[in-house]
Amino acid sequence: MPSAAEGLSRDPTPDPAEDNAFFPSPYSLSQYTSPRTDFDGVQHKGAYAGGRWKVLMIAAAERYVLVENGTMFSTGNHPVEMLLPLHHLMEAGFDVDVATVGGYPAKLEMWAMPEEDEAVQATFASIRPKLKNPMDLADVVANRLGDDSEYIAVFIPGGHGAVVGLPTSQAVSETLDWALSNDKFVITLCHGPASLLAASLGKEESPFKGYSVCVFPDSLDEGPNLEIGYLPGRLPWLVAGLLTEQGLNVVNDDMTGRTHRDRKLLTGDSPLASNSLGLLAADALIEAVRTARG
């Protein structure tokens, strides 16, 4: 007997706020979203009480991705990919600052918000004022990065919004240069690794050349995401392909919730990796703090 989802439309849903823009289709949302995540608790609650170290989150401030057929995908930051890793980090004791390119409000894919997930909702309530009034990343670069910076990690969530603005941002490039030069963590997942492309700006090669990463599979954006109406058209470029061209090694070709650590670069393949990446990141940051204390 056919499932209820089979009767749902696979046509992308018009976004009335913009000309020729579309949300994912009802059918695709039935396959890709859920009222709850796989969160089942934190492992380091209150483990860091030092008060110095923070996480700098670079969020996407762009809502729309122009695709090849002239339509626009109504996107932003994926709420699970943002809020669930943050939940683990904040529960461990790390404060979070939010910055965007230009200081514009962060955008969320509210159609993917798990409304019944208490961990995600609590973190959203806590971080929401910073999402609405973030710092300008250029100001952070100018005034808050250096040898004595308070940031122990840079976190860049996924969502297709990460492919607009972040890969070509000089401020993102300088932030990543600082993180690499100062042995800081870089945490990102799904389409968030598109931001790593910015690290090559003005250079002969990417400083991430030779690193291994998890990223959202190009094959899904080229195939099923079009077939089920998640995207209204083909993307102008694909994240994993461009990262590979820059010399990074993409370790996954499917979406299973896989995470990966290479040195201090922590990555995940999709929304399915959000909880595992949060656990991995909290482990890594707490271990680094404890090691530094000696």
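This structure is a prediction, so every number in the text was calculated from the model and none was measured.
- With contacts defined as side-chain heavy-atom distances shorter than 4.5 Å, the pair Glu62/Lys107 does not qualify.
- A donor atom on one side chain and an acceptor atom on the other are found under 3.5 Å apart for Thr123 and His87.
- Side-chain contact between Phe23 and Pro12 is absent, with no heavy atoms from C-beta onward closer than 4.5 Å.
- Pairing each heavy atom of Ala240 with each of Asp218, the nearest pair is N-OD1, 3.1 Å.
- The environment of CZ in Arg263 is crowded: more than 12 heavy-atom neighbours from other residues, nucleotides or ligands sit within 6.0 Å.
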Quiz item: Passes side chain to side chain donor-acceptor pair (under 3.5 Å), Tyr64 versus Asp15? Steps please.
Solution: CA-CA 10 Å; Tyr64 297 105; Asp15 173 1; 2.8 Å; yes
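- A salt bridge does not link Asp269 to Arg258: none of the charged nitrogens lies less than 4.0 Å from a carboxylate oxygen.
- Side chains of Thr37 and Asp117: a donor on one and an acceptor on the other come within 3.5 Å.
- Transitive grouping of hydrophobic side chains (ILVMFWY, heavy atoms separated by less than 4.5 Å) brings Val289 and Leu285 into a common cluster.
- Looking at residues two or more places apart in sequence or on another chain, you find a salt bridge (charged side-chain N to carboxylate O under 4.0 Å, His left out) between Arg10 and Glu6.
- The backbone N or O of Ile156 sits less than 3.5 Å from a side-chain atom of Thr188, completing a donor-acceptor pair.
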Quiz prompt | Chi angles and distances behind the side-chain contact (heavy atoms from CB on, under 4.5 Å) call for Ile286, Phe94 | solution = CA-CA 9 Å; Ile286 290 298; Phe94 296 99; 3.7 Å; yes
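- More than 12 heavy atoms of other residues, nucleotides or ligands lie within 6.0 Å of CG in Asp254, so this atom counts as buried by the packing criterion.
- Taking 4.5 Å as the limit, some side-chain heavy atom of Cys214 sits within range of a side-chain heavy atom of Val251.
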Identify all side-chain donor-acceptor contacts of residues 228-236 below 3.5 Å with residues at least two apart in sequence or on another chain.
{"residue": "Arg234", "atom": "NH1", "partner": "Glu222", "partner atom": "O", "Å": "3.3"}
{"residue": "Arg234", "atom": "NH1", "partner": "Glu222", "partner atom": "OE1", "Å": "3.3"}
{"residue": "Arg234", "atom": "NH1", "partner": "Glu222", "partner atom": "OE2", "Å": "3.0"}

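- Here Thr267 contributes atom OG1 and Asn252 contributes atom CG; the two are 8.0 Å apart, rounded to the nearest 0.5 Å.
- Between Pro271 and Val80, the closest heavy-atom pair is O-CG1, 4.3 Å.
- A 4.5 Å side-chain heavy-atom check between Val120 and Met113 finds at least one atom pair inside the cut-off.
- Residues Lys130 and Asp95 are paired through a salt bridge, judged by an N-O separation under 4.0 Å between the basic side chain and the carboxylate.
- Applying side chain to side chain contact (heavy atoms under 4.5 Å, CB included) to Leu201 and the options Ser173, Pro167, Ser169 leaves one that passes, Ser173.
- Leu220 and Val239 fall within the same hydrophobic cluster, where Ile, Leu, Val, Met, Phe, Trp and Tyr residues are linked whenever their side-chain heavy atoms come under 4.5 Å apart, directly or through other members.
- In this structure, NE2 in His44 is found 10.5 Å from CG in Leu89, a value given to the nearest 0.5 Å.
- Linking Ile, Leu, Val, Met, Phe, Trp and Tyr whenever their side-chain heavy atoms come within less than 4.5 Å puts Leu242 and Val186 in one cluster.
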Self-check item: Leu56 vs Val140, side-chain contact (heavy atoms from CB on, under 4.5 Å): CA-CA, chis, key distance, verdict
Solution: CA-CA 9 Å; Leu56 173 64; Val140 175; 3.9 Å; yes
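- The aromatic rings of His160 and Phe216 lie perpendicular to each other, with more than 60° between the two planes, well past the 30° mark.
- Linking Ile, Leu, Val, Met, Phe, Trp and Tyr whenever their side-chain heavy atoms come within less than 4.5 Å puts Phe73 and Trp237 in one cluster.
- Proximity of a side-chain donor or acceptor of Ser200 to a complementary backbone N or O of Leu197 within less than 3.5 Å is detected.
- For the residue pair Asn143/Asp139, the side-chain donor-acceptor check at 3.5 Å is not satisfied.
- Under a 3.5 Å cut-off, the side chain of Asn249 and the backbone N or O of Tyr211 do not form any donor-acceptor pair.
- One finds the CZ atom of Arg290 at 9.0 Å from the CD atom of Glu287 (value rounded to the nearest 0.5 Å).
- Looking at heavy atoms from C-beta onward, Asp11 lies out of side-chain contact with Ser25 at the 4.5 angstrom threshold.
- Considering only heavy atoms from C-beta on, Met57 comes within 4.5 Å of Leu86 through its side chain.
- Atom CG of Leu265 sits about 6.0 Å away from atom CG of Leu196, to the nearest 0.5 Å.
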Quiz prompt | Criterion side-chain contact (heavy atoms from CB on, under 4.5 Å) on Leu131 and Met82, from CA distance to verdict | solution = CA-CA 11 Å; Leu131 297 176; Met82 173 190 284; 3.8 Å; yes
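- Between Ile187 atom CD1 and His88 atom NE2 the span is 12.0 Å, to the nearest 0.5 Å.
- The two residues Ala162 and Ala60 have their closest heavy-atom pair at N-CB, 4.1 Å.
- In terms of heavy atoms, Leu176 sits closest to Ser195 at CD1-O, 3.5 Å.
- Counting only residues at least two apart or on different chains, the side-chain hydrogen bond (donor to acceptor under 3.5 Å, both in side chains) pairs with a member in residues 178-187 are Asp183-Lys264.
- Side-chain contact between His78 and Pro157 is absent, with no heavy atoms from C-beta onward closer than 4.5 Å.
- Across all non-hydrogen atoms, the minimal contact from Thr100 to Pro134 is OG1-CG, 3.7 Å.
- Counted by atom type alone, Asp221 and His191 present one or more donor-acceptor pairs between their side chains at under 3.5 Å.
- When the shell of 6.0 Å around OH of Tyr104 is examined, it contains 12 or fewer heavy atoms from other residues, nucleotides or ligands.
- Within the model, atoms CG of Leu279 and OG1 of Thr259 stand 9.0 Å from one another, a figure rounded to the nearest 0.5 Å.
- Contact detail for Ala59 and Val98: the closest heavy-atom pair is CB-CG1, 4.4 Å.
- Environment of NZ in Lys203: crowded, with over 12 heavy atoms of neighbouring residues, nucleotides or ligands closer than 6.0 Å.
- Taken together through direct or relayed side-chain contacts under 4.5 Å among Ile, Leu, Val, Met, Phe, Trp and Tyr, Leu180 and Ile58 form part of one hydrophobic cluster.
- Put simply, the side chain of Pro24 does not reach to within 4.5 Å of the side chain of Tyr32, judged on heavy atoms.
- Remark: the backbone N or O of Pro114 is paired with a side-chain donor or acceptor of Gln121 at under 3.5 angstrom.
- Arg144 and Glu150 are joined by a salt bridge, as a carboxylate oxygen and a charged side-chain nitrogen come within less than 4.0 angstrom of each other.
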Exercise. I would like to know whether Leu272 and Met255 meet side-chain contact (heavy atoms from CB on, under 4.5 Å); could you show each step before the answer?
Key: CA-CA 8 Å; Leu272 301 179; Met255 183 177 71; 4.0 Å; yes
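- A donor-acceptor contact shorter than 3.5 Å is absent between the side chain of Thr291 and the backbone of Ala288.
- A donor-acceptor pair is defined here as one N or O able to donate and one able to accept, closer than 3.5 Å; no such pair exists between the side chain of Arg261 and the backbone of Leu266.
- Judged purely by distance below 3.5 Å, without hydrogens or angles, the side chains of Ser274 and Glu81 never pair a donor atom with an acceptor atom.
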